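When a residue number appears, it is its place in the shown sequence, counting from 1. When a ligand or atom number is given, it counts from 1 through the structure's own listing order. These numbers were taken from a predicted model, which means no experiment stands behind them.
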Amino acid sequence: MNIRKRIEKLREEINNHNYHYYVLDEPLIPDVEYDRLMRELRELEEQHPELITPDSPTQRVGAEPVEAFGTVRHEAPMLSLDNAFSDEEVQAFHRRVCERLGLEDVEYTAEPKLDGLAVSLRYEGGVLVSGATRGDGYTGENITQNVRTVPSIPLKLRGKGIPPVLEVRGEVYMTRSGFEALNARQRKAGEKTFVNPRNAAAGSLRQLDPRVTAERPLAIYCYGVGVVRGWTLPERHSLMLEQLKAWGLRVSDEIRVVRGVEGCLRYYRDMQARRDKLDYDIDGVVYKVDLFSQQDALGFVSRAPRWAIAHKFPAQEALTRLLAIDIQVGRTGALTPVARLEPVFVGGATVTNATLHNEDEIHRKDVRVGDTVVIRRAGDVIPEVVSVVRERRPPGAAPFKMAGRCPVCGADVIRNEGEAVARCTGGLFCPAQRKEAIKHFASRKAMDIEGLGDKLVDQLVERGLVNNVADLYSLTQEQLAGLERMGEKSAANLIAAIENSKETTLARFLYALGIREVGEATALSLASHFGNLPALMEASEETLQSVPDVGPVVAAHIHAFFRQAHNREVIERLQQAGVHWPDLQVHRATDLPLQGKTFVITGRLDTMTRDEAKARLQALGARVAGSVSRKTDYVVAGEEPGSKYDKALALGIDILDERALSDLLQS
Ligand code: IVH
């Protein structure tokens, strides 16, 4: 084949892989194979520089650094959006839309509102010719050389009917995982770290040297168009987005068409519930009237369209004052510094405590008592101190120093080489560790003793009624009824719950023991490997390491746990008190019926919880994954399944409903 043809063929192949990888999220080939194609293309182009074209996939990082960005005038202004902060404001928006259109109801496209940087991309003849920031909406900065380095921005569009001029608009952002990795890299290199993914994306896109931008993990989602020549737009915004996707532009797969205000609000709540699971930050959702004819009829007010609105999530960051740094002692003795704060409303709730992670983090962020700090509260995640406003530091604020003794029991504090965590050496003599061990034992995924809450455990330990988990089983109703906030009835209920917990499974029991590094999955693995407790207790470290999921560190923890006379005694007492479980038949991993099969669960199940379904599938040898890919064998879809369901459909993966799952588990 002649060289020119081979080069063209390689470019086409590479572009096609980019499309499958970035736009469809379904890579066709492994990375090494992709790298091989790129290498071949690079070599051929090096030998034949006359054949290099600017839209070749090798030419993403081309230009030299610039002194300053030029400006670009937006042919069609880049507008902004009005904001709604409550359901009522969205209802008012919908009412205005309906009134103006003289309609009862309207369909909207609902989209995630990405927290990044708006860009405009201009394609002429299908080739990317310029990229610009939003600027003031009328003129932006020319960042063409930088947008070219973003892998998910195609240098050339694909497919049929590409318009001669197409300006695409979208949000450039940084994934959270990319942000963490970038900050780790910056830290290592002694360079400044970024406060959040948005700032990191903005800083990266506005680098004068495109080679720096190319190193940053940026991505794009497209959500609209500006000037278009030679294309009659489809009837709907949603269809337009589909066409953009077909031309190779990356469009979020969280976008839905919804009806009326109920549809909008349902979408909002769904996204709000799932936002922490996304790998990128969103600060709300956007509703856009779907039919272009209706958009045109509605028009604009000043700088925002009447046909769209941003429905913002409550702010996740706020400023407040750090009153004190307390040390909390965890179940394994880990000492966690906790920030006591002047109460502040953030992320939809009032926050008074936030985690500071560990000593090193405090020093890295240079957090001192008295400081004004940025607090972040994202969904169910524990609020954290993000950074300090140095300008507002009161005079005399002293750097933090970790205590040398446990604040609860006074035992020595040690910090092992290479570990970030300082630990209390008091073990179960430390009342704090004792309390945490009991709370863990009683928790839902362990022995599941309903009604045995944190406050109650604190009281039981403080009054000396319970010193270890075995003592729970000799508590009497009279003893309980004497506690604060405990009536006869709740005391009786708790006794019944404790009684109930005696019937359990080996996996739950192992997890409940709170052996270090033995989480739910490892406990399950151990249970199905050994089948009974004595076999596990006598296993050598070597044998333990043959269990899937168990490495040398975990094996050492398990082995050490069962060598301690104190632990064996507690286990014996628990069994004497009547705690029991059925022994399992030991299957070798390869005998298990679902061995080698990967499942993903989505939606709500009625007859069991998702955790339960997961545990039961795992017990049969299946792997249960968090996201759908080509490697997924089955997707279990309950009520109101999420995007995993759509993805399964798109990939042609077998879908099981709850009924089919039950049948499978029973057979
Ligand atoms: S549409 C006329 N859609 O939010 C419509 N904007 O507050 C203009 N943004 O400047 C924008 N996600 O940077 C639109 N799905 C989305 C968006 C989105 C994020 C940003 C964009 C815009 C700002 C307006």
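Taking every non-hydrogen atom of Pro112 and a distance limit under 4.0 Å, the qualifying atoms of ligand 1 come out as 12 (N), 15 (N). Distances below 4.0 Å separate heavy atoms of Pro305 from the following atoms of ligand 1: 2 (C). Those atoms of ligand 1 with a heavy atom of Leu114 less than 4.0 angstrom away are 12 (N), 19 (C). Taking a cut-off of under 4.0 Å to the non-hydrogen atoms of Ala118, the atoms of ligand 1 that pass are 10 (O), 13 (O).
For the 3.5 Å distance criterion, the side chains of Tyr34 and Asn18 qualify, holding a donor opposite an acceptor. The closest side-chain donor-acceptor pair between Gln316 and Arg275 falls under 3.5 angstrom. Counting only N and O atoms by type, the side chains of Asp611 and Thr609 include no donor and acceptor under 3.5 Å apart. Between the side chains of Tyr267 and His311, no donor N or O sits under 3.5 Å from an acceptor N or O.
Ring centroid separation for the pair Tyr173 and Tyr221 comes in under the 6.0 Å cut-off.
Salt-bridge check for Asp283 with Arg198: failed, with every basic side-chain N at 4.0 Å or more from each acidic carboxylate O. A salt bridge does not link Glu242 to Lys245: none of the charged side-chain nitrogens sits closer than 4.0 Å to a carboxylate oxygen.
Note on ring orientation: taking the six-membered ring where Trp is involved, the planes of Phe292 and His237 are perpendicular (angle over 60°, cut-offs 30° and 60°).
Nearest-heavy-atom check against atom 13 (O) of ligand 1 across Glu254, Glu171, Lys113 picks out Glu171.
For atom 5 (C) of ligand 1, the closest non-hydrogen atom on the protein side is Leu81 CD2, 3.8 Å. In this structure, atom 22 (C) of ligand 1 lies nearest to the protein heavy atom Tyr223 OH, 4.0 Å. Among protein heavy atoms, atom 8 (C) of ligand 1 sits closest to Leu79 O, 3.7 Å.
For ligand 1, the polar-atom distance check against Trp307 finds no nitrogen or oxygen pair separated by under 3.5 Å.
A heavy-atom separation below 4.0 Å is not found between Ala310 and ligand 1.
By the criterion of a heavy-atom distance under 4.0 Å, the side chain of Lys288, and not its backbone, is placed next to ligand 1. Within the 4.0 Å heavy-atom criterion, the part of Glu111 lying near ligand 1 is the side chain and not the backbone.
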